[in-house]
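This report refers to the structure that appears directly beneath it.
Lettering of chains follows the sequences in order, A, B, ..., and the numbering in each one begins at 1.
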Amino acid sequence: MTDTTELSKAYEPTEVEARRYAFWLERNYFRAEAPSDKPPFSIVLPPPNVTGSLHIGHALTATIQDILTRWKRMSGFNALWLPGTDHAGIATQMVVEKELKKTEGKSRHDLGREAFLERVWEWKGKFGARIGEQHRYLGASLDWSRERFTMDETSSAAVREVFVRLYEEGLMYRAQKLINWCPSCHTALSDLEVEHQEKNGSIWHIRYPVKDTDRTLTVATTRPETMLGDTAVAVHPEDERYQDLIGKHVVLPLSGREIPIIADAELVDPKFGTGVVKVTPAHDFNDYQTGLRHQLPMLSILDESARMTKETGKYAGLDRFEARKQVLADLQEQGLLEKEEPHKLSVGTCQRSTTVVEPRLSPQWFVKIEPLAKPAIEAVEQGRTKFVPESWTNTYFHWMRNIHDWCVSRQLWWGHQIPAYYCTACSPRQGDDSDLPLDAATVKVGGVDFARAEPIVAREQPTSCPKCGGATFIQDPDVLDTWFSSALWPFSTLGWPRNTPDLQTFYPTSVMETGHDIIFFWVARMMMMGLHFMGDVPFRTVYLHAMVRDEKGEKMSKTKGNVIDPLDVILGASSDKLAPTLKNKFPQGMPAFGADALRFTLASLTQQGRDIKLSMDRLAGYKAFCNKLWNASRFALMNMGEFTLDERPLKERPLTLADRWILSRLQRATTEARASLETYGFAEAASTLYQFLWAEFCDWYIELAKGSLYGTDEQAKDSARAVLVYSLDRILRLLHPFMPFITEEIWQKLPMSRSVDSIMIASYPEPDADLVDEAAEAEMAPVIASIEGLRTIRGESNLSPATKVKAVVQSPDARTRELLERWRAYLMPLAGLSEVEIGAPGTKPPQAAAFVGTNLEIYVPLAGLIDLDAERDRLRKEIARTEQEAAGVLRKLENPNFVAKAPPDVVEKDRARVEELKERKAKLQDHLQRIAPEPAMPAAPPSESSTPTQSVEPAEADIATEADVATEPSTPPGSVAPLETPPPAEGGAEYETLAESTEEEEPAAAPAEVKVAPDAEAEGNVDLAEELKDEFEAVGGVPEAADPQVQDALEKLRAGTKEGLSPADHHDLGVAYMSMGLVDDAMREFNTARAGGDAREVPAAAEQTVASTAKAVVKATLAAVKKASSIAKDAVVEAVSASGEDEAPAAPVKARPAKKAAGKKAPAAAKKAPALKAKGAKGAAKKAAAKKAPAKGAAKKAAAKKAPAKAAAKKSAAKKAPAKGAAKKAAAKKAAAKKAAAKKAPAKVAAKKAAMKKGAAKKVAAASKKPVKKAAGRKAPAKKGTGAKPKARAKARR
RNA sequence: GGGCGGAUAGCUCAGCGGUAGAGCGGCGCCCUUACAAGGCGAUGGUCACAGGUUCAAUCCCUGUUCCGCCCA
């Protein structure tokens, strides 16, 4: 029994999350076993900086790792996810130093090493817990019992052990080399910690006088101040210009030192600059190598803060950049500065401080990397470790193959102090530095000169000096690079160097999951260390995720103010707490999205490329998904009664089709989700589950199950309940790794027996082959197709869900009919039917809306409810699509090469497709004709139909109505709108009803005379009639149409509406359309003609010949035209007929500001042309304007001047309509329309052409190809012609 | 300078030889008793550009242009 009242109406994450995490902790579910009978699965968490706080990137890391861990745990693995934090040497030390300065005004030196380190530990204690707490909020199922820190005792022991062993193996050495030095952090950096930035600088040309000659050599340099440390100048050995100078000397300006001119092919590019390079071995990496090659002296002229040393004489004490200025000034004064040119150069900066890094000679500890890198390369080559995505493999190789020795010593205090000791008795003393080539201040500590002293490397401090027996030692003051201890993380955390059960159980770890930004810093180094010390790779798979950026793709940073704190997302935050960009987005504060929504979002975004743009909208969408899951569950629980799911297999229950269907679909979703997870397709898995839950389970199954649940059949009810619980249980378990909290919360409430107390230790669902039910899925297809077809009709006709309609569904397939008949109970509620008649194709209901699918024809015969005009539009559109697709496939089939060379199944498929399309088209056309305005009716003289007469013959209803629309809320002062048209014979009742309802809303009644209030504030007033006229004339003036046939047809059009045309007229009109390339229209006319008894042959062209480009263009134009302004032609005709004159401008429409018509005041336009259809007014105006309004120009201009607005207005005018509250509704939409109009643009020309419409199509086409093409392209993609809609969600189940 | 990615619907991205997809947004109709954080429907694409291969190219090849990242 379930207490359904427990589920609130909406999901509230915050409370649930806190409660559930506590529950898991209390039950110790996160704890992994060692040893264990279960197969191991292990991940070590990339340790975040202990004093930092988690950012959104960490949240991504945690999400992916938790998904993997929970999934594996549920799949029967002994899953370990090991947490820990990193001491983060420089970063942490800097933070604490800063704080010290701020609060006490002291430097670390004021405190002294020991006291300072105490402060850091204090700091770590104070903030170190934060990381853990944040992980808990995220729902991370980390084994807290194994939490580690890179400077805890075990890790430190591991570090010492590794250092000593490497030293013993000759892989760790101490040497004086040129390294990267940060003058503000006062420490050495590894190559990786230097970031290169492109900067605008200068290159200076300086003359160096050649000794004992009058000549000078001009060197080019970007760093003139370092000339004080030059020990040579170099030229290319083959450079003819300087051959004679090689071996001579130059006199170094400013210092007067004499330095040699050397030849070096590696350093010098004779084509660059002057071909002469100054060599400063102690301050440039290239020069350093040159210095080594030529055994040049290495003269250091910068101290640890990058100030000039005393060796530089007058410049001593100057900062390097001040020195540069001074040096240049002095050179200038001496006339030795030849020129300065702007120059782009790459400058290395410190990752931490962004200070420009200085190459500096100093004694440091290095790891000899090559012997370590080799096995690490091989391991990946052999596939013992794999990268996901695979593309990172090459990056890894490239770096590993070009790797340099790793400088691991840092002149910091916070970190692992290097286990090297110096005997105070026999080591060289401070001050005795006569043979040291550099300023060595930083290495003198405690009286010992470390630069020259012999280190004793040992795990523990030695007791006596092997050399002199001395008993006092000083430990090397430097600490190790933070990444040194990180490199050991996969085994140091498991207890190494002791051989612990953890180490035996969990090494190698299963997956290393981290950001691709630390592939070199960390991943590569772990590989080297793991292989070297454990003899095996540290992890089987490396999954590298993308970087998280903000919605605009910008890197998140405090300075940009776009940082998103995961905790704010999870818990919500008041606006004052938010970073600026977020504050903008959430002025009222950020709502609590919850950890599940955040996790699901991040998981869904992992499929993106190298960057993940975190969109708050996506986040909101996934929060909605949580809510959906919540409410679906709530629905189920509310309908459970006393039900509890027992062990009885579902198969043994009397299942309905819907039951069998969803169970089958669920098995497929299960298979897919599992497969995706196996390949790290987190986004794919998330999407599968999202789609299944929402689009299949909620949108279909729950709706279908309502029949059973609300019915009286107890068995059916019972089955539905069983299926609901079974399905939810599985969905929840499938989703659990992604959304741990909500799934646990709901799962606990499901009425069923459980073998375990928590979903997190329940088994991960496997597909049940018994429940895969092809037959059920096949049976369901026509049901779904029918419902969707009916919904399409309803939607297109804007029928309220409250309006129940009668439907006629016909299928030539007996099986389909039988199925539909059997499952009519599904059809009726979901499609909103009052009645459904299922049968073989036969008599079609008159005045019906239709939907034609594969093996399926659906009719809704409610002429009064369905907007036949719109319906015709839709059918035409549908036909055009069908035609277009058929033409495409046909073209392929007509190619003999295709038929000959393509695989037979492909050809066969295409043939079948063509047949299907043909059939479909025929049915659609057939239906279109059936609901077409009756041609057999007495022709109404144009003047009559356009006059404000009181009544029209019933048979003319449709057309007359159209006319009415065109003139309805006519505006011209004094003009009178015609009456609403009486209903047609067959649908009289409905039309009357409609008319009544119309009148309700438009009290003005049919002959309403509406005054158009000229809108004073409207910019760019446009007279619609004038516009029409302009357009009309623009295309050449109809009366002057060159082609007599065209002219004739148009005459007829102008003379009145088409209902007056005889079959012969229709045929002629068809020919005319044909000549214009308007195949669709032509065909329609021919059909009408035939139907009316005109037996003449359709001209060949009609079948499809007009295959010229012109045709395509014209067709495309037509398409654009149709879209932009449904039927301008009609508009024109209507206008003409309404005016009772021959010229369009005479239409009763009086100056309707186009803008208004389009957006603000569509109704106004309508007023002008009385019977304006509601839809025309609101929909058309908005749509037309919206779609392709010239966005470029101001909205204003766009709306007022260019086509779309006009087109819209015209469309409005053209459309006929039950004036049912059109004005009202349209008015309500003005804002939207306005906006829309302002929006987009490209179609400018096309839209304008569109307005010109069919009559002009030909010319239009000739006039402008591009827009036409575009329009065509847009229109082109044919809709799938199957019975069911090509809806994404629907697709999944077919 | 070298290398690696990317360019597909308004936005964020899947797809990667055989009829262009999703989420979000925008549009229309609905407060239908699980959910308005919702339902239903429709709209929206010269798959960057130019060549080539192929019966067939968004997909493969070559080149170009932009954008991003890494390395030197």
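Only the P atoms considered, B:rC16 is 23 Å distant from B:rC11, to the nearest whole Å. Comparing B:rU32 with B:rA37, their P atoms are spaced 14 Å from each other, to the whole Å. Rounded to a whole angstrom, the distance from the C1' atom of B:rG41 to that of B:rG26 is 15 Å. Straight-line distance between the P atoms of B:rC47 and B:rC29: roughly 33 Å, to the nearest whole Å. Taking atom C1' on both B:rC60 and B:rC70, the two are 27 Å apart, rounded to the nearest angstrom. Separation of the P atoms belonging to B:rC67 and B:rU54 is 35 Å when rounded to the nearest angstrom. On the P atoms, B:rU53 is 41 Å away from B:rC71, given to the nearest whole Å. Across the C1' atoms, B:rA50 and B:rA14 are found 27 Å apart, a figure rounded to whole Å.
Comparing atom distances between the A:Cys698 side chain and each of B:rA37, B:rA34, B:rC71 picks out B:rA34 as nearest. When each of B:rC55, B:rA22, B:rC40 is scored by its nearest atom to the side-chain atoms of A:Gln691, the top-ranked nucleotide is B:rA22. Comparing B:rA34, B:rA37, B:rC55 against the side chain of A:Asn897 picks out B:rC55 as the nearest. Counting only heavy atoms from C-beta on, A:Pro903 has its side chain closest to B:rG18 among B:rA34, B:rC55, B:rG18. Distances from the side chain of A:Arg791 to the nucleotides B:rC35, B:rC55, B:rG41 place B:rG41 closest. The side chain of A:Lys9 approaches B:rC35 more closely than any other nucleotide in the set B:rC55, B:rA42, B:rC35. Distance from the side chain of A:Arg618 is smallest to B:rU12 among B:rC40, B:rU12, B:rA37. Nearest nucleotide to the side chain of A:Asp699, out of B:rC35, B:rA37, B:rG39: B:rG39.
A:Phe600 pairs in a ring pair (Phe, Tyr, Trp, His ring centres under 6.0 Å) with only one of the listed residues (A:Phe593, A:Phe625, A:Phe682), which is A:Phe625.
When each of A:Lys909 and A:Asn394 is assigned the nucleotide of RNA chain B bearing its nearest heavy atom, the one mapping closer to the 5' terminus is A:Asn394. If A:Arg794 and A:Asp191 are placed on RNA chain B by their nearest nucleotide, the residue sitting closer to the 5' end is A:Arg794.
Formation of a donor-acceptor pair under 3.5 Å by the A:Glu193 side chain with backbone atoms of A:Ser190 is found in this model. In this structure, the side chain of A:Asn627 does not engage the main chain of A:Lys623 through any donor-acceptor pair within 3.5 Å. Judged by distance alone, with hydrogens and angles left aside, the side-chain atoms of A:Thr606 form a donor-acceptor pair with the main-chain N or O of A:Ala603 at under 3.5 Å. Between the side chain of A:Arg791 and the main chain of A:Leu830, a donor-acceptor pair closer than 3.5 Å is present.
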Dot-bracket for RNA chain B, 5' to 3', with Watson-Crick and G-U pairs under 3.5 Å, [ ] for crossing pairs and | for other-strand pairs: what is it? ((((((((.[[[[.)..(..]]]]..((((.......))))......[[[[[..)....]]]]]))))))).

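Using a 4.0 Å heavy-atom cutoff across all strands shown, A:Tyr396 reaches no nucleic acid atom at all. Nucleic acid contact for A:Cys626: none, since no nucleic acid atom lies under 4.0 Å from a heavy atom of the residue. Here A:Phe520 lies in heavy-atom contact (under 4.0 Å) with sugar-phosphate atoms only. Looking at heavy-atom distances under 4.0 Å, A:Ile519 makes no contact with the nucleic acid at all. Across all strands shown, A:Ala900 has no heavy atoms under 4.0 Å from either base or sugar-phosphate atoms.
The CZ atom of A:Phe625 sits 15 Å away from the C1' atom of B:rG38 (whole-angstrom rounding). Following rounding to the nearest Å, A:Ile787 (CD1) and B:rG41 (P) show an atom-to-atom distance of 10 Å. Summarising the geometry, the separation between CZ on A:Phe898 and C1' on B:rG18 is reported as 7 Å, rounded to the nearest angstrom. Atom CH2 in A:Trp700 sits roughly 18 Å away from atom C1' in B:rA34 (whole-Å rounding). One can place CZ of A:Phe692 at 19 Å from C1' of B:rG23, the figure rounded to the nearest angstrom. As a whole-Å value, the separation of A:His196 NE2 from B:rA72 P is 5 Å. In this structure, the CG atom of A:Leu605 is 13 Å from the C1' atom of B:rA22, given to the nearest Å. Atom CG in A:Leu693 sits about 18 Å away from atom P in B:rA37, given to the nearest Å.
Dashed line: the shortest gap from a side-chain N or O of A:Trp694 to OP1 or OP2 of B:rG39 is under 4.0 Å. Residue A:Lys706 places no side-chain N or O under 4.0 Å from the OP1 or OP2 atom of B:rU32. Close to B:rA42, at under 4.0 Å from its OP1 or OP2, lies a side-chain N or O of A:Thr792. For B:rC24, one of the phosphate oxygens OP1 or OP2 lies less than 4.0 angstrom from a side-chain nitrogen or oxygen of A:Tyr690.
Across A:Asp284 and A:Leu178, no two heavy atoms sit closer than the pair O-CD2, 3.4 Å. The shortest non-hydrogen separation linking A:Leu750 to A:Val725 is CD1-O, 4.2 Å.
A search for salt bridge (Lys or Arg N to Asp or Glu O under 4.0 Å) contacts involving A:Asp910 returns A:Lys892, not counting sequence neighbours. When the side-chain hydrogen bond (donor to acceptor under 3.5 Å, both in side chains) test is applied to A:Glu703, the partners found at least two apart in sequence or on another chain are A:Lys706.
Inspection of the A:Glu684 and A:Ser687 side chains reveals no N or O donor paired with an N or O acceptor under 3.5 Å.
Scanning atom types as modelled, no donor and acceptor separated by under 3.5 angstrom connect the side chain of A:Glu684 and the base of B:rA22. Evaluation of atom-type donor-acceptor distances gives a pair under 3.5 Å for the side chain of A:Lys628 against the base of B:rC35.
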